[in-house]
Amino acid sequence: MRLFGSRIPGREGDSTPIATPTNRILIIVTSAGEYESAGYRTGLWLGELTHFYDVAEAAGFGLTIASVDGGRVPIDPESLAHDVLADQGTAERYADRTFMNLLEDTVAVADVRPEEYDAIYLTGGHGTMFDFPRSKALGELVAAFHDEGRVVSAVCHGPCGLLETTLADGRPLLRGREVTGFSWPEEELAQRADAVPFSLEERLRALGASYSVAEEPFAPYVVEDGLLITGQNPASATPVAEAVVRALR
């Protein structure tokens with residue numbers, strides 16, 4: 001795992017205000033359950049939720065799960081495969097009825113109040129490529145977190161929710177920032193290169209972000225740039241959570 005960049009309260013000389021702590025974190029998940037140009041089903045990559053949740057909950061933070069449209073959250077069937085659940089340590093949460101019920105009736109992004117949380121975390125799963133960039137409410141919510149001095153974090157395809165985020169001063173959030181996210185080689189290895197609507201790697205670079213990745217595909221990799229914390233892939237969800245907790249401490 002490679003970590004670089006500054007941590008809260010932000011970059012040197014940054015005048016971003018520091019928000020009053022609430023000891024709560026907001027988790028955003030997709031509402032999109034299928035691809036548009038292929039028959040594959042998709043949705044939330046479950047481990048990217050559960051691994052972050054485990055770390056943040058153990059650190060004493062309260063957590064709320066919100067989705068783009070609200071209501072029931074679709075789960076990527078690939079993330080529920082037996083070997084994936086076992087290898088990624090997600091099986092216990094998947095078997096937990098109380099935990100899985102949290103995904104049955106989530107609050108909509110448009111109904112969230114950012115001042116009630118210290119940080120926002122954008123989970124991944126290919127579904128995010130279809131609804132995160134198109135959600136005006138999500139873009140405004142992420143901008144509010146950043147502008148108010150709260151931590152903004154994302155993992156894997158979660159940075160799709162940063163693509164259309166414009167800050168109060170009119171700047172794209174991503175311009176000039178150090179970030180990572182699901183790479184194109186990983187997309188090819190996942191056999192979804194022909195089905196995704198765009199390359200996240202290319203879109204991040206096109207918006208002026210300084211994009212970097214791990215030396216090997218699917219290795220954990222986290223980039224910290226002030227209040228912005230991003231992880232490359234599913235294996236990065238736990239270290240992203242650890243970085244968020246450190247920042248909030």
Side-chain angles (χ1 to χ4, degrees), residues 6-10 14-31 44 48-71 73 93 99 101-125 128 131-132 135-168 173-174 177 179 222 224-231 236-249:
S6 57
R7 297 193 179 97
I8 196 168
D14 190 353
S15 60
T16 302
I18 302 303
T20 302
T22 67
N23 211 43
R24 294 194 60 79
I25 298 173
L26 178 67
I27 298 175
I28 307 296
V29 299
T30 184
S31 294
L44 162 71
E48 292 171 19
L49 167 65
T50 62
H51 293 164
F52 184 95
Y53 204 102
D54 289 345
V55 172
E57 185 178 58
F61 288 92
L63 298 117
T64 297
I65 302 172
S67 60
V68 172
D69 295 334
V73 177
R93 285 292 196 182
F99 180 82
N101 281 347
L102 297 175
L103 301 177
E104 289 298 315
D105 188 20
T106 57
V107 64
V109 164
D111 296 329
V112 170
R113 295 167 58 88
E115 63 270 20
E116 296 178 355
Y117 303 93
D118 296 331
I120 188 171
Y121 168 65
L122 309 181
T123 62
T128 64
D131 62 352
F132 274 19
S135 173
K136 181 180 178 181
L138 179 57
E140 292 174 347
L141 183 65
V142 172
F145 269 82
H146 186 280
D147 289 336
E148 294 170 10
R150 304 173 196 276
V151 173
V152 173
S153 62
V155 76
C156 199
H157 290 91
C160 290
L162 309 177
L163 297 175
E164 301 299 325
T165 299
T166 302
L167 304 179
L173 183 150
L174 289 167
R177 305 304 295 273
V179 299
V222 176
E224 299 179 55
D225 183 351
L227 298 175
L228 181 62
I229 300 170
T230 51
S236 306
T238 292
V240 165
E242 293 168 345
V244 170
V245 168
R246 284 196 304 270
L248 294 177
R249 292 295 185 231

*Which atom pair, heavy atoms only, marks the closest approach of Val245 to Ala56?*
CG2-CA, 4.3 Å
*Has the side chain of Thr106 got a donor or acceptor atom that lies under 3.5 Å from a matching backbone atom of Ala66?*
no
*Taking only residues two or more places apart in sequence or in another chain, which ones pass side-chain hydrogen bond (donor to acceptor under 3.5 Å, both in side chains) with Thr123?*
none
*Could you pull out the closest heavy-atom pair between Pro159 and Cys156, with the gap in Å?*
CD-O, 3.1 Å
*Of all residues at least two apart in sequence or in a different chain, which pass the ring-ring contact (aromatic ring centres under 6.0 Å, His included) check with His51?*
none
Hey, can you pull the donor-acceptor pairs under 3.5 Å for the side chains in residues 108-116, sequence neighbours left out?
residue: Arg113; atom: NE; partner: Glu115; partner atom: OE2; Å: 3.1
residue: Arg113; atom: NE; partner: Glu116; partner atom: OE2; Å: 3.3
residue: Arg113; atom: NH2; partner: Glu115; partner atom: OE2; Å: 2.7

*Taking only residues two or more places apart in sequence, or in another chain, which ones meet Asp54 in a salt bridge (charged side-chain N to carboxylate O under 4.0 Å, His left out)?*
Arg93
*Just by distance, do the side chain of Thr30 and the backbone of Gly124 share a donor-acceptor pair under 3.5 Å?*
no
*What's the shortest heavy-atom distance between Ala154 and Val240, and which atoms?*
O-CG2, 4.2 Å
*asked:* Which heavy atom of Ala241 sits nearest to which heavy atom of Val55, and what is that distance?
replied: CB-CB, 3.6 Å
*Can you tell if the side chain of Val179 reaches within under 4.5 Å of the side chain of Asp225, non-hydrogen atoms only?*
no
*Which residue, Asn23, Thr64, Thr22, forms the side-chain hydrogen bond (donor to acceptor under 3.5 Å, both in side chains) with Tyr117?*
Thr64
*Leu102 CG to Leu49 CG distance, which is reported to the nearest 0.5 Å*: 8.5 Å
*asked:* Just to verify, what does Phe52 make a ring-ring contact (aromatic ring centres under 6.0 Å, His included) with, not counting sequence neighbours?
replied: Tyr121
*Measure the CG-CG distance between Leu248 and Asp118 for me, rounded to the nearest 0.5 Å.*
5.5 Å
*State, to 0.1 Å, how close Val155 and Ala237 come at their nearest heavy-atom pair, and which atoms those are.*
CG2-N, 3.8 Å
*Determine, for Glu224 against Arg246, whether the closest basic-nitrogen to carboxylate-oxygen distance falls under 4.0 angstrom.*
yes
*asked:* So Leu26 and Ile65, do their side chains get closer than 4.5 Å, heavy atoms only?
replied: no
*For the atom pair CG (Leu227) and CG (Leu173), what is the distance rounded to the nearest 0.5 Å?*
10.0 Å
*How long is the span from the CG atom in Leu122 to the CD1 atom in Ile28, to the nearest 0.5 Å?*
6.5 Å
*To the nearest 0.5 Å, what is the distance between CD (Glu48) and OG1 (Thr128)?*
8.5 Å
*Taking only residues two or more places apart in sequence, or in another chain, which ones meet Phe61 in a ring-ring contact (aromatic ring centres under 6.0 Å, His included)?*
none
*Atom CD of Glu140 and atom CG of Asp147: how far apart are they, to the nearest 0.5 Å?*
11.5 Å
*Is the shortest heavy-atom distance from the side chain of Leu174 to the side chain of Thr165 under 4.5 Å?*
no
*Which heavy atom in Val151 sits nearest to a heavy atom in Phe145, and how many Å separate them?*
O-CD2, 4.1 Å
*asked:* Just so I know, are the side chains of Leu63 and Arg24 near enough to count as touching, which here means a heavy-atom distance under 4.5 Å?
replied: no
